[in-house]
There are 2 protein chains.
Amino acid sequence: MNLKQLSELLQLSQTTVSRALNGYPEVAEATRRRVLEAAQRYGYKPNSNARKLATGRAGSIGYVLPVGRNVDLDPHFVEFLSGLGEHALTREVDLSLTPAPRERESEAYRRIAASRSVDGIYLSSMRNDERRIALVRELGLPFVAHGRSLMPAEGYAFVDIDNEGAFHDAARLLLQLGHTRLAFINGDTDFTFAVHRLDGVTRAMAAHGLPAETLKHHSAAMNEDNGYRLAMMLFRDADAATRPTGVLSASMFMTLGIVRAFNQLGLKMPQDVSIITHDDVFPFLKPESFTVPLSTTRSSIRAAGARICERLVNIITGAETGEVQEIWPVDLIVRASTGPAPSARKPGRRGAEQAAE
Amino acid sequence: MNLKQLSELLQLSQTTVSRALNGYPEVAEATRRRVLEAAQRYGYKPNSNARKLATGRAGSIGYVLPVGRNVDLDPHFVEFLSGLGEHALTREVDLSLTPAPRERESEAYRRIAASRSVDGIYLSSMRNDERRIALVRELGLPFVAHGRSLMPAEGYAFVDIDNEGAFHDAARLLLQLGHTRLAFINGDTDFTFAVHRLDGVTRAMAAHGLPAETLKHHSAAMNEDNGYRLAMMLFRDADAATRPTGVLSASMFMTLGIVRAFNQLGLKMPQDVSIITHDDVFPFLKPESFTVPLSTTRSSIRAAGARICERLVNIITGAETGEVQEIWPVDLIVRASTGPAPSARKPGRRGAEQAAE
DNA sequence: CAGTTCTTTCAAAGCGCTTTGGGAAAACGG
DNA sequence: CCGTTTTCCCAAAGCGCTTTGAAAGAACTG
């Protein structure tokens with residue numbers, strides 16, 4: 001059933017039927033009802049490709065899905081996608097994923113732009129030397145970034161969280177609790193968020209008179225394995241008097257590994273070591289559900305997805321000019337994994353004064 | 001730059017240019033080169049909507065993305081998507097996600113079908129009373145299912161793993177090791193895979209003369225919390241002489257919670273309790289990376305994604321008729337989390353003969 | 001060399017929708 | 001009651017591509 005058939009059936013022109021269906025005012029209410037009813041009855045749905053061609057609007061937003069060797073789409077993505085989808089639903093837009101290996105990424109963006117298959121795209125996993133911003137702008141593709149680049153760029157739309165502030169606050173708390181030997185198990189510093197987080201930690205240390213060099217900083221892909229490996233490296237052979245007492249972790253997955261290492265080494269939280277983790281709010285893995293509930297810097301990645309979709313749609317429809325740069329504050333939530341530095345208590349009897357849970 | 005402009009520039013008809021670009025034979029080699037070069041130089045890319053309209057092919061495969069309250073897209077999805085994307089890349093198709101709340105799911109399928117926005121779709125998270133198969137078939141939408149329904153249906157294309165066999169083998173191993181009190185922490189039994197797994201376990205028990213009622217079976221959404229909660233329920237107040245000694249777990253996320261409960265209760269693997277988990281092969285969370293490496297039934301969900309994309313493309317292009325039902329075997333991999341049942345050794349000295357690691 | 005077959009190109013007709021620019025009928029105003 | 005405005009509907013022109021059917025010219029035939 002197409003428009004022509006429907007209009008013949010109704011003894012109306014295609015114009016009128018189209019207008020009735022799309023809510024234009026210049027059609028009599030009685031006619032509109034008749035049209036809507038017939039459309040409903042015969043199950044007429046406009047062909048989306050024809051409509052896209054005629055209007056020039058695609059009704060969908062795009063994303064270049066990184067695939068290939070060494071590219072692990074991580075669980076963050078699915079949470080983000082959930083948020084995006086939730087908002088997309090309310091605006092009746094679809095999501096179009098174009099798979100591309102990283103080395104042919106820019107080609108993918110060009111193709112998307114030239115083929116007009118989407119109305120706008122979102123960028124995520126922003127890197128320090130982000131070239132995509134200049135690229136998509138040059139291509140005239142409306143976009144919103146999740147995160148931001150370190151490169152200077154004229155006002156472009158992004159939604160980011162205050163990674164610097166979050167990790168500053170987290171580090172400051174540890175310092176206030178008397179920790180002076182800090183470790184930071186960070187994500188890959190090719191990504192801007194990891195750089196910002198490091199900045200936050202060093203700023204807090206500087207404010208406490210600690211030089212940045214005293215921070216044990218390691219960065220790697222955020223998974224369980226790396227968390228374990230780096231924690232082992234930091235703690236296995238380290239003397240209790242020199243090893244870190246405060247650890248910052250960039251993700252719950254890393255923390256899973258870190259906690260595993262601690263268990264294996266017999267280190268107790270928070271008696272021997274305090275930890276604060278960034279929590280992206282996964283429904284399937286919660287910081288309060290650790291044997292020792294984790295203190296976290298918390299920011300919902302799902303909420304960010306929804307917001308980005310919202311803004312992207314606004315930019316596409318012209319309701320927003322697209323230069324607003326949002327930086328969301330991050331909550332610091334204290335749970336049992338943080339406590340006073342062991343050196344602040346009697347040395348040599350670490351943990352003894354606190355009952356095991 | 002569109003086809004008309006390009007053809008005028010080249011002093012050729014649109015027909016010829018279009019044919020040259022699409023590799024039709026009836027165009028002179030010299031002309032083709034000239035066209036390709038010009039297209040390259042002026043950055044001509046065909047408008048995808050126009051092409052879709054003209055050909056009737058969408059060049060993309062669809063998926064109805066469940067969103068809304070209580071719907072957590074879980075990390076399985078992202079792995080599956082990775083696989084799908086990897087293959088989609090090689091066939092130059094995009095993925096189109098249509099978000100829909102579960103109660104308006106069928107409407108979404110209808111819209112997709114009527115609007116011809118995709119060439120085919122894949123279905124996942126198959127339920128026992130799956131209605132989508134009949135629906136999409138009625139709609140004439142080519143599809144491949146990941147998993148299968150319990151409902152009888154004439155040959156439709158699916159890719160599934162041998163959940164029954166996997167859990168049968170896992171349960172049999174535990175039984176062979178002398179475990180007689182088994183527990184199964186299963187996924188939601190609305191989903192077919194969970195039913196199949198339960199079937200496998202009970203079959204193995206029956207073969208060992210154990211009635212199905214003796215199995216402690218609990219099913220819930222597969223996350224850390226539920227794993228913890230159910231393990232606590234099973235073990236917290238249970239007598240060592242009556243509590244389960246062998247546990248089967250439906251997912252790594254549940255097992256995270258189960259292990260947490262064991263740690264808290266002081267239960268050692270495998271001395272006090274053996275565990276076998278299903279592993280979907282997440283790159284970010286590996287069974288060998290647990291303090292006690294986990295025995296698993298293993299099947300890559302990513303590989304399934306790639307295969308489903310492949311078959312879907314084949315069905316769309318007519319290279320496959322679409323009635324093949326693939327059931328993949330599942331590996332049973334034994335690691336340190338399984339051992340002989342404690343009752344098989346001296347009672348009262350549980351675990352003492354094995355050094356703590 | 002006339003007749004036939006290939007090769008190469010083209011004009012034009014869709015694909016199914018939206019939107020422009022009218023135009024007829026109905027309602028209104030004086 | 002006639003001119004003007006408003007209401008409602010329509011024919012036709014795109015949107016940018018693919019594909020059909022035909023034609024012109026080149027290359028074979030015998």
Side-chain angles (χ1 to χ4, degrees), chain A residues 1-36 38-39 42-60 92 94 111-119 140 317, chain B residues 1-36 38-39 42-60 92 94 111-119 140 317:
Chain A
M1 170 70 65
N2 59 25
L3 187 62
K4 192 175 173 189
Q5 297 170 322
L6 183 66
S7 63
E8 278 166 3
L9 221 111
L10 283 163
Q11 301 274 55
L12 286 169
S13 73
Q14 295 189 35
T15 312
T16 305
V17 177
S18 171
R19 296 208 145 135
L21 257 24
N22 292 315
Y24 281 74
E26 54 271 81
V27 47
E29 226 14 79
T31 320
R32 185 190 306 279
R33 266 202 305 280
R34 201 158 67 89
V35 170
L36 286 173
Y42 297 105
Y44 169 77
K45 300 275 194 327
N47 177 304
S48 70
N49 296 322
R51 171 187 291 216
K52 287 177 190 173
L53 178 58
T55 58
R57 276 176 263 116
S60 67
E92 299 210 316
D94 288 346
R111 196 157 53 87
I112 289 173
S115 74
R116 316 241 130 247
S117 53
V118 302
D119 298 320
T317 58
Chain B
M1 168 70 66
N2 59 25
L3 187 63
K4 191 175 173 190
Q5 296 170 324
L6 183 66
S7 63
E8 279 166 4
L9 220 112
L10 283 163
Q11 301 274 58
L12 286 170
S13 74
Q14 294 189 36
T15 311
T16 306
V17 177
S18 170
R19 295 208 146 135
L21 257 25
N22 292 316
Y24 282 73
E26 56 269 83
V27 50
E29 228 11 82
T31 318
R32 184 190 306 279
R33 266 203 305 281
R34 202 158 67 90
V35 170
L36 286 173
Y42 297 105
Y44 169 76
K45 300 275 195 326
N47 177 305
S48 71
N49 295 322
R51 168 184 292 207
K52 286 175 190 173
L53 178 58
T55 58
R57 275 175 263 116
S60 66
E92 299 211 315
D94 288 346
R111 196 157 52 86
I112 289 173
S115 74
R116 316 241 131 246
S117 52
V118 302
D119 298 319
T317 59

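Each chain gets a letter, A, B and so on, in the order its sequence line appears, and its residues count up from 1.
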Report, one pair per line, the protein and nucleotides 23-26 of chain C atoms (nitrogen or oxygen only) whose separation is under 3.5 Å.
none

How bent is the helix from C:dC1-D:dG30 to C:dG30-D:dC1, measuring the angle between the end axes built from five pairs each, rounded to 10°?
40°

Determine the contact category for A:Glu29: base if any of its heavy atoms lies under 4.0 Å from a base atom, sugar-phosphate if only primed atoms, P, OP1 or OP2 are that close, otherwise nothing.
nothing

Value for CG (B:Leu21) from CG (B:Leu6), rounded to nearest 0.5 Å, stands at 7.0 Å

Touch check for A:Ser48, heavy atoms < 4.0 angstrom, all strands: base, sugar-phosphate only, or nothing?
nothing

Out of C:dT8, D:dG16, D:dA11, which has the shortest distance to the side chain of A:Ser13?
D:dA11

Considering only heavy atoms from C-beta outward, does the side chain of B:Asn47 approach that of B:Asn2 to under 4.5 Å?
no

What pairs of nitrogen or oxygen atoms, one from the protein and one from nucleotides 18-23 of chain D, lie under 3.5 Å apart?
unit_1, atom_1, unit_2, atom_2, d
D:dT18, OP1, B:Asn22, ND2, 3.0
D:dT18, OP1, B:Arg51, NE, 3.4
D:dT18, OP1, B:Arg51, NH2, 3.4
D:dT18, OP2, B:Ser18, OG, 2.5
D:dT19, OP2, B:Tyr24, OH, 2.5
D:dT19, O4, B:Thr15, OG1, 3.2

Distance check, rounded to the nearest 0.5 Å: B:Tyr42 atom OH versus B:Leu10 atom CG?
8.0 Å

So the salt bridge (charged side-chain N to carboxylate O under 4.0 Å, His left out) pairs with at least one residue in residues 25-34 of chain A (sequence neighbours excluded) are A:Glu29-A:Arg32

Mind listing the N/O atom pairs, protein and nucleotides 4-7 of chain C, below 3.5 Å?
none

May I have all residue pairs that pass salt bridge (charged side-chain N to carboxylate O under 4.0 Å, His left out) and include part of residues 1-24 of chain B, sequence neighbours excluded?
none

